[in-house]
Structures are given as C-alpha cells and as structure tokens.
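Below you'll find the structure, written out as structure tokens, and then a few comments.
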Amino acid sequence: MTGAHAARRMTVAQAIVRFLAQQYTEREGAEQRFVRGMWRIFGHGNVAGLGEALEEIPDTEGLRYYRPQNEQAMVHVAAAFAKHNNRLSTFACTASIGPGSTNLLTGGAGATINRLPVLLLPSDYFANRIPDPVLQQLEHSRERDASVNDAFRPISAYFDRISRPEQLLGSLPEALRVLTDPAETGAATICLPEDVQAEAFDFPTSFFEKRVWHVRRQPPEPEMVRRAAELLRSARRPLIVAGGGAIYSDAVAVLRTLAERCGVPVCETQAGKGVLPWNHPLNVGAIGAAGGLAANRLAREADVVVAVGTRLGDFATASRSAFANPGVRVIGINLAPLDAHKLRGLPVIGDARRTLDALTEALAGWQTPGDYRQEIARHKDEWDRAVDGLTEVRHPDRLAQSEVIGLVNEAAGGHGTVVCAAGSMPGDLLKLWRPEDPKAYHVEYGFSCMGYEIPAGIGIKLAEPERDVFVMIGDGSYLMMNSEIVTAVQEGLPFTIVLVDNHGFQSIHGLQRSVGSPSFGNELRHRDAATGRLSGDYVPVDFVKHAEAMGANVTLAPTADALRAALAQPAERVKVIVVPTEIERRVPGFEGWWDVPVAEVSARDSVQQARAAYEEGRRAVRIY
Ligand SMILES: Cc1ncc(C[n+]2csc(CCOP(=O)(O)OP(=O)(O)O)c2C)c(N)n1
Ligand SMILES: [Mg+2]
C-alpha cells in the first residue's frame, strides 16, 4: 500500500488485534464492542505472533486477554458469553498449532450448531513450508497442503487460511460479517500460519477505524405474513413453539402480546425456555422427548404449529412424533431458510420480532375458541402440580436429582441463571426449572457437550457480573472438564457449581437398560477380577478435595438441610457443592419419544422386547 493511502507497518498479529478491538455491533441504536477480549493458550505457533501483539498493544487499543487451562473450554466460554449477550458480542480464541488448535474443534462445532458467534484463530504450519514438518504438523504423502486445521471446515460457519498478510484485508471483515449475521453465525475460523503471524505489512490505517456492524432485523415478506395469518385464522388448536431465536432477537415482549391477544399457548425448547415466565398462564412448558405433559398433549392435537426461532431438533419434535394431528400445518418463522422450511413449514423468513409484530397485526380481532383456552389452563394446572410433586423433598437424607433441582431453584429464585449441557440433568431441568426471565435458563442442548458447564458459568459471569449463576454438573461431566475452576478463581468470578454425584454416566446407563441391554460400562466401577468387566465396587472420587485443590470453596451436602445451608452461604469465590444422589429415583418421561434405534436382532429377550416397543414408537413418526 503506497501512494495516497496512509499506512502503518505492523505484523499480521498486530493488525488482527487492532482490527478486532474496533469492531462493534449495533441493533436499535445500541452499540457494543463485539470482540470483548481474546482467550488464548500459547505455544510456538502463536507466542511470537499473536502473543507478542497482545502483550505489546495496550488493552485500551487492543484486547483484554484471558488464560484458560484448556482450548476447548475457552470456546465454550466465548459461546456462553455470546448466548447470554443475545449474540451481540463474543470473544476471540487463539491456540497454538496442532493439538492446541484441534482442541478448539469441539467447542467450535458446538458454537456453530447452536448458532452462536465465536472467532477462532488456530495457528497453522509455515506458509513458506521451509522447516516442514514443523513440530506438531500433520504430513500427508500426497496432499502437501493438508493440515489438521482442515478439520475446521465442516464445523465452521466461515473458514479461511491466511498465507499472505494482505489477505487479512478481505478475510477479517468477511469473518465479522458472518459472525454478526444472525442467520449465518457460528464459529468463524481464520487459520494463521506461524510465520505469517509475525510478517509485517503496510496496512492502510483506514482498516483500523471503528466499524459498526448493524445486526439486521429482516422484515418478513408481507405476502407470507398474510398466508400465515390466514392459516392461523383457520386454526382451532394452534400452538407456538419458541426456540432460542425468539430470545436472541429480543422477541419476548411481542411473542407475549401475540399469545395473550390471540389466546395461543407457548411451549419451549431447551434454547427457548424462559421466553415467557414459567407461571405465565399461556406458558405450557417444554415440548418434545424431554418435555412435559401440558405441551406434549397440546402438541399431539395441534392443527397449526408456529415454530419461532427454532432448529426443530429431534428433542423438540420428539423425533418427529410430537405432532400427531393428521392435518397439522407448520409455520416456520426464522431468519435462516434452512429452519423456516423444516417440517414442510410455510416459510416466513425474517427476524422473529418483526415477523411476530406483523403477524399480531394481521391477526387483529382473532382469538382461539374459549373451550381451547380452558383446556390450556387445565393442562397447565395439572402440569404445574406434577412439577411441584417432583421437586418437593420427600427423602431429605437421600436426595433424588429432581429434589436437588427443586432446592437449587429455591435458592436461585426466578432470576439466578441455571447452566447445564449433558447427562440426565438437561431433561430434568427442562421439565422442572422455573425461570422468570429469558436469561435465567442456559442449557446447551444443540451439541449437548459434556464440559460446557463450568466454562459457561465463566462466560455468563463475564457477560453479566451481577447475575447469580448456578452451574449444575454431573460427576461424569465434571471429571471430563473441571479445570476451568482454576480460571474462575484466577479471574475472581464467584458462582456456584452443584456437582451431582451418581457414580457415573447414569443418563446413558438408563438409556442402555431401556434399549434392553444389561448394565454395561457406564457406571464408574472398578474392574472385577473374576468377570474381567467393570462391574466391581464404585471407584470412590473425593470431589471435595479435588475442587478444593483448585481453589474453590467446597461443601459436601448429602442432605436437604446441608444443601440448603451450602446454597445460602454467600459466594465470595467459586463455590462447589457436592451432592450425592439416589440414582434410581429418576424423573419419568411425559409422553415424549426419542428415536434411539434398538438392535434388530439379538439373543436377549429384553432387547427383543425393546425392539418391539421401538417399532411401535416409530409408527408415530411423521414424514413431512
Ligand atoms: C463430550 C461428550 N461425550 C459424550 C457424550 C455422551 N454422553 C451424554 S450424557 C453422558 C454421561 C454424563 O454423565 P454425568 O455428567 O455424570 O451425568 P448423568 O448421566 O449421571 O446425569 C455421556 C457420556 C456427550 N454428550 N458429550
Ligand atoms: Mg453422573
């Protein structure tokens, strides 16, 4: 860059840091910095590149940095932060070449699947190829330019590899465009060869001027709104299914208005839970495989289903068995055409808030029949009482998981945020937790990634420090990824982690037996010398000592009283409460179904029976 353009000579890494620091998003006039900082673990791949840049550029002109313990975790932090901020801001994550970078993959896939923006900057092999193979470089005998980072292609919403400094001029703005586009967002990956990071270039100074990315609110086509309204006006038993998009687009108030004016019940997916307060008369709770009675019964007979901002994953649709009315029609309100067309929906492509606004107007004067509204109230009342029954403490000295959830919810109230991702708790929380605002429920269930929980607690605390955060984690997830407790201590982030210890992967253990198999390899048991199987005694793990060693404030709470007392203690730093639970007092299913194929041939009676039940269940699956 010469001639009339003012330029500044800096390295690729320095340019990235200075560029990212100037990116903002704007919606309804409210502006915020988009990239709030950079999470990084250094190695030879990035310490002299991005590491040097982050150190040299003061926070005021660059990015605050964070130092986690595991690269996967840092992506979870960024995704949870973005989710809590309705995708209007996020973090960047840099990792060294090789294993540091591949550790980002799992978190990145989770972000893309959940439609959450995260910027990934994995390091890569030398662009000049001279020292090949550099430490940690993959070599193929015939594909000279193959890299482990190619594994980012399918999991990324945007992918690039920078082999010359000037490529940044096009690549970074494109990455930002994708990240800030609500229909396209996910993980944006820019691979940075180790040598290129340190290379200098005369970057035009205009590249580093403040940029504000307007987050679009695409209006729907009026014709499609008209058709949707016409369909709804013909409905007698309509049902709204609210997903995460309804919350991200801030459509909560208009959704409520539409529901109230027209008398349409609203049910929730994992990402949509909290869109209406649990006790709103038209909130009929969660739908689907892990849903509750009210929503599942209303879904079965619904004639028009309005899917708002949802991916319609198998859990939400009960593996496509939820809507059993032969004439059911689906209206898909979504910015992403992929989602709007699902279940052969009438696609109303547009921002959820704008679309619901337009739809409310088009439905003026229309209401569901009075007997339907009475039925909704009856179902809701019955379901609320069922939840009361499940969370009420009946065995104070040997708590069931549902009772633990009830007690934690009591302490958290309607506005403390509960966090979870995998195991048996997401399904139980979906049914039992009672949020009173849309940010009080944060369960990652698009990827259901064990290990998301504790990093997510960090992300939410960074997004909203005043918010009380309750991370609920199983012993299995905890053993898989617990080390970010150290990061929470380092950053002085106080939140509560409730570790439910049931000796292993009990969700899968339950599923295993439901498909007819005997108990096999899910519980945490010693190897039995006689059988050679992992069927001996439980392997004892002292979670109290373990979490204490990382600097957490830890309590063992084997009873209801102990749990109440531990929850009541103010959290000055990260606090872990270890709760052993009664395994077999499980929360039952409520007329949901989940497609998990059972062996078609087996010598076992129990498998054959499970197969017969499976085939019966499959009969309810609808082909749209
Ligand atoms: C990273 C990852 N690996 C495997 C799974 C499959 N999986 C789902 S739940 C689960 C067990 C979780 O155990 P725990 O956290 O103790 O919860 P519990 O099932 O006992 O409620 C496993 C292995 C997953 N969701 N994520
Ligand atoms: Mg467990």
Side-chain angles (χ1 to χ4, degrees), residues 70-76 79-80 102-114 155 270 289-290 313-315 390 398-405 408 418-433 443-457 470-485 497-515 517 519-525 534 538-543 546-547 558 576-589 594-596:
N70 178 307
E71 291 90 354
Q72 177 184 326
M74 67 193 186
V75 189
H76 294 325
T102 53
N103 270 358
L104 296 171
L105 281 165
T106 300
T112 299
I113 284 166
N114 285 297
I155 66 105
Q270 284 278 14
D314 64 348
F315 262 82
L390 285 163
R398 189 70 185 152
L399 293 168
Q401 185 163 287
S402 56
E403 296 166 347
V404 176
I405 289 172
V408 177
V418 70
V419 184
C420 197
S424 56
M425 271 191 288
D428 290 2
L429 288 167
L430 182 68
K431 291 186 261 286
L432 307 179
W433 194 266
V443 175
E444 186 281 289
Y445 214 65
F447 208 37
S448 185
C449 185
M450 291 169 74
Y452 178 82
E453 303 88 343
I454 294 170
F470 297 82
V471 171
M472 304 216 50
I473 187 167
D475 56 310
S477 269
Y478 179 89
L479 286 175
M480 194 176 275
M481 193 179 286
N482 49 65
S483 54
E484 299 312 323
I485 287 177
I497 298 169
V498 178
L499 194 174
V500 171
D501 182 9
N502 55 18
H503 304 290
F505 305 152
Q506 292 299 346
S507 53
I508 310 300
H509 189 214
L511 180 64
Q512 174 173 61
R513 286 171 298 164
S514 79
V515 296
S517 298
S519 178
F520 174 58
N522 276 307
E523 294 190 302
L524 186 54
R525 290 182 182 276
L534 296 173
Y538 287 129
V539 179
V541 180
D542 191 335
F543 290 109
H546 183 269
V576 176
I577 306 174
V578 180
V579 191
T581 54
E582 167 64 60
I583 302 166
E584 297 306 343
R585 276 198 296 128
R586 295 170 184 250
V587 177
W594 189 32
D595 192 338
V596 179

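For the numbers below, each heavy atom of this structure counts, side chains included, while hydrogens, waters and symmetry mates do not. As the structure lists them, so they are numbered: ligands from 1, and atoms in each ligand from 1.
- A side-chain donor from one of His509 and Gln506 sits under 3.5 Å from a side-chain acceptor of the other.
- If you check which protein heavy atom lies closest to atom 21 (O) of ligand 1, you get Ser424 OG, 2.5 Å.
- At the top of the distance list for atom 13 (O) of ligand 1, counting protein heavy atoms only, stands Phe505 CD2, 3.4 Å.
- Ligand 1 has at least one atom lying under 4.0 Å from a heavy atom of Ser448.
- Nearest-residue assignment for atom 15 (O) of ligand 1 (options Gly110, Pro426, Ser477; heavy-atom criterion): Ser477.
- Distance check, rounded to the nearest 0.5 Å: OH of Tyr478 to CD1 of Ile473 gives 8.0 Å.
- For ligand 1, the polar-atom distance check against Gln401 finds no nitrogen or oxygen pair separated by under 3.5 Å.
- Which of Gly451, Gly510, Cys449, Gly504 comes nearest to atom 20 (O) of ligand 1 through a heavy atom is settled by distance: it is Gly504.
- When heavy-atom distances to ligand 1 are checked against a 4.0 Å cut-off, Asn502 comes that close only through its side chain, counted from C-beta outward.
- Distance CG/Asp314 to CH2/Trp594: 6.5 Å, rounded to 0.5 Å.
- Looking at atom 8 (C) of ligand 1, its nearest protein heavy atom turns out to be Ile508 CD1, 3.7 Å.
- Between Phe315 and Tyr445, the ring-plane angle classifies as perpendicular under the 30° and 60° cut-offs.
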List the steps, then state whether side-chain contact (heavy atoms from CB on, under 4.5 Å) holds for Asn114 with Glu444. CA-CA 8 Å; Asn114 285 297; Glu444 186 281 289; 3.0 Å; yes
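- For atom 3 (N) of ligand 1, the closest non-hydrogen atom on the protein side is Met450 SD, 3.6 Å.
- Centred on the Mg ion (ligand 2), the angle running from Asn502 (OD1) to Gly504 (O) is recorded as 90°, rounding to 10°.
- With distances taken over non-hydrogen atoms, the option nearest atom 9 (S) of ligand 1 out of Gly427, Gly423, Gly474 is Gly423.
- In this structure, Arg585 CZ and Leu399 CG are separated by 7.5 Å, a value rounded to the nearest 0.5 Å.
- Annotation: Phe520, atom CZ; neighbour count of heavy atoms from other residues, nucleotides and ligands within 6.0 Å does not exceed 12.
- Expressed to the nearest 0.5 Å, how far CD1 of Ile583 lies from CZ of Arg398 amounts to 7.0 Å.
- Ligand 1 lies nowhere less than 4.0 angstrom from a heavy atom belonging to His509.
- Between the Mg ion (ligand 2) and the N, O or S atoms of Asp475, the shortest distance is to OD1.
- Taking any N or O of Gly476, backbone or side chain, at least one lies under 3.5 Å from an N or O belonging to ligand 1.
- Looking at Asp475, its side chain does come within 3.5 Å of a backbone N or O of Gly504 through a donor-acceptor pair.
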